[in-house]
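Notes follow the structure.
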Protein chains: 2
Amino acid sequence: MSKSFVSANDVARHAGVSRSAVSRAFTPGASVSEDTRKRVMNSAQTLGYHVNQLARGLMRSESGIVCLVVSEMDTPYRARLVRAFSHELQKAGKISMLINTDRSDGGVDAALRQTLNYRADASILLSGLPDKAITKLCLDSGQRIVLINRDDNINGPFHINLNDHQAAKVAVNAFLRAGCRALAFVNSEVGTPSLMARENGFLAAAASFGLNVTVTSHGNTVYESGRHAAHSLLTSFDRPDAVFCVNDLMALGFIDSARQDFGVRIPEDLCVIGFDDIEQASWSSYELTTFAQPIDQIVQASLLWLSEAADTQNVKSQTFNAPLVWRKTVRGNHQQVS
Amino acid sequence: MSKSFVSANDVARHAGVSRSAVSRAFTPGASVSEDTRKRVMNSAQTLGYHVNQLARGLMRSESGIVCLVVSEMDTPYRARLVRAFSHELQKAGKISMLINTDRSDGGVDAALRQTLNYRADASILLSGLPDKAITKLCLDSGQRIVLINRDDNINGPFHINLNDHQAAKVAVNAFLRAGCRALAFVNSEVGTPSLMARENGFLAAAASFGLNVTVTSHGNTVYESGRHAAHSLLTSFDRPDAVFCVNDLMALGFIDSARQDFGVRIPEDLCVIGFDDIEQASWSSYELTTFAQPIDQIVQASLLWLSEAADTQNVKSQTFNAPLVWRKTVRGNHQQVS
DNA sequence: TTGTATGCGTTATCAG
DNA sequence: CTGATAACGCATACAA
């Protein structure tokens, strides 16, 4: 059994150099001769030395830790986002801390406060609703913050948003081309800014064509809620012939229920569009026409912003388009409309 | 703009006590009077003080950091596992670091080494194949390790396994009761121990009844591979009437292809059983009969083991059963068999 | 380029 | 119960 941890001191002694030499050998761009550097590395290798990032973070301004703040991360879209972020962060030499904001009992704030305790360089808020005060606190403590799809009107963080209005307009156009007239919008009761933007955008675009939209809102943004929506929408006298669902999970639930509980044919009787382009949307049982989350762009933009010096930051926010990926739940020509 | 970080020294000065008093006030179970404790807390509150975990970790033996090592974490089962772990870890006052082992170019080892650099107390290996040597290295550095569904024959870590053989036997029984005789097994080419255990267990159980099993292995353990399996299994002269898929993703792909490409009715013509009980398995398009991963038990057992003192550890491994959840892809009476 | 000395923010030890 | 002091492992200003 080897001694639990070997310090820079041990390496220095073994290599016959000073402690600082070891430190310099492990600091990129430090002034050290190739000879000593090699000897240090050799000793480090044989002794099994690893730089203690805790101690290094104590001295340096940055700890190399980035926090991923997320709720419901087993949801397909969120899971992909977390995977993409952790992957790229890791590639950039950063380490990612996971803050789970599922609980509503204040454990969230406590966890976010933890990120402060560990002196995280940055926090990326993918979702969840941490207290605004805590966000402010992190900011004041010198943490960089990236806000994704949140409309907190707060200064300092980098805001990344989707052009939900634009997407909604594209959806309306697609429906109109398919010859649909009775439009419906399926939302959840969550009321997240981006979800509401999709609803409002859809309503506005439809109104510009003199069309009315039936709106339903049920529970959480999940599969089961999509089923509920189908029940409330398809039992009514005048059924819609086009439904825009606020996300894919709800769209899939809606489709299943529409087909199996009401015998509705898709897209012959009813056109459906979703949002997110989760993997299941492409499964052959669904072939859902939906808007794709520009995950790569979101991640790239975030990392780029984080890599810039804090004072150099000119850009404060960025908006991306979610392109429509045509599959088989909307009638008509499958040409790119977005 | 507040001063970036406030130290225990600042609090001590503000409260009119010594640094040690502050330290004790924040250490549960330390000997400190209620009076000073309150004064310290007050000063800390107004000044916005937070214990620096980096410095604390430097002194204490434990950093409070636990690493979650996982690959393909946007897969439904993995995502749920990660969510459950991060949630419970957080509840226990630990902080979780995410190590993404998706890349195959050595970035994995580098990342795992990072966990050493941050002096993580423990690593939980959910998947992926980090080099055995690295695992050993973590172990030697005093890290606690939990291995989930891996059969590394290495001493020190806590091994958690599923009773795959038992599950496979239950599957065979279920198929036999449904009157199936032509059994097939759908596997991927990944060859993970637990996947192979399911295959071997299935083959053995079938053999005990004098039954032969057709085995196919295609690509990765994903939806698309399930479709491929359907194509190679259902185009042959003698089609199987029962298929055990190594996981739900493949089962769902298999079902979709069987129904849509071959007009097979499920369960009338063909019975299907999957593994994992991912959310999609319960969607009404599938209603898949499958084995449920005992995620809660896995997480609980892991945390319990981690909370025990390193020297107290009597138990080295634990095996859980995956109960069969009956839905609609297997004919016959839906009584509990497992 | 190299070594020395100091400080980062804590906790542990030991007097008082 | 409290305060001073010594670690923890590292990075850096400074002098050599």
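A note on names: the letters A, B, ... follow the listed sequences, proteins ahead of strands, and every chain is numbered from 1. Please read all numbers here as calculations on a predicted model, not as lab measurements.
Using a 4.0 Å heavy-atom distance criterion, A:V22 is classed as making no nucleic acid contact. Residue-level contact check: B:Y49 touches the backbone only, with heavy atoms under 4.0 Å from sugar-phosphate atoms and none from bases. Residue contacts shown for A:S23 include a base, since a base heavy atom lies under 4.0 Å away. If you check every strand for non-hydrogen atoms under 4.0 Å, B:S33 touches sugar and phosphate atoms only. Note on B:R24: a base of the nucleic acid sits closer than 4.0 angstrom, heavy atoms only.
Put simply, the side chain of A:L98 does not reach to within 4.5 Å of the side chain of B:M97, judged on heavy atoms. Residues A:L147 and A:I160 are not in side-chain contact: their nearest non-hydrogen atoms beyond the backbone lie 4.5 Å or more apart. Side-chain contact between A:H50 and A:F5 is absent, with no heavy atoms from C-beta onward closer than 4.5 Å.
The CD atom of A:E62 sits 16 Å away from the C1' atom of C:dC8 (whole-angstrom rounding). The separation between B:N9 atom CG and C:dT11 atom P is 13 Å, rounded to whole Å. Rounded to whole Å, the distance from CZ on A:R19 to P on C:dG7 is 15 Å. Between the CG atom of A:L58 and the C1' atom of C:dG7 there is a distance of 9 Å, rounded to whole Å. The separation between B:D10 atom CG and C:dC8 atom C1' is 13 Å, rounded to whole Å. If you take CZ of A:F26 and P of D:dC10, they are 9 Å apart, rounded to a whole angstrom. Counting to the nearest Å, the P atom of C:dT11 and the CG atom of A:L54 are 13 Å from each other. Rounded to whole Å, the distance from CD on A:Q53 to C1' on D:dC10 is 11 Å.
For D:dA4, its base sits under 3.5 Å from the side chain of B:S20 at one donor and acceptor pair at least.
Nearest to the side-chain atoms of B:R60 among the listed nucleotides C:dT10, D:dA11, C:dT11 stands C:dT11. Checking D:dG9, D:dA11, D:dT2 against the side-chain heavy atoms of A:T27 singles out D:dA11 as nearest. Here the nucleotide nearest the side chain of A:V32, chosen from D:dC10, C:dT11, C:dT2, is C:dT2. Ranking D:dG9, C:dG3, D:dA11 by closeness to the A:V51 side chain, first place goes to D:dA11.
The backbone N or O of A:E62 sits nowhere less than 3.5 Å from a side-chain atom of A:D121 that would complete a donor-acceptor pair.
Closest of all the heavy-atom pairs between A:R83 and A:S86 is O-OG, 3.1 Å.
If you take CG on A:L81 and CZ on A:R78, they are separated by 8.5 Å, rounding to the nearest 0.5 Å.
Proximity of A:R56 to the phosphate of D:dC10: no side-chain N or O atom is located under 4.0 Å from OP1 or OP2.
Nucleotides of DNA chain D nearest to B:M59 and B:V17 differ in position, and the one nearer the 5' end is that of B:V17. Residue B:S18 is the one, among B:S18 and A:N52, whose nearest nucleotide of DNA chain D lies closer to the 5' end (criterion: closest heavy atom).
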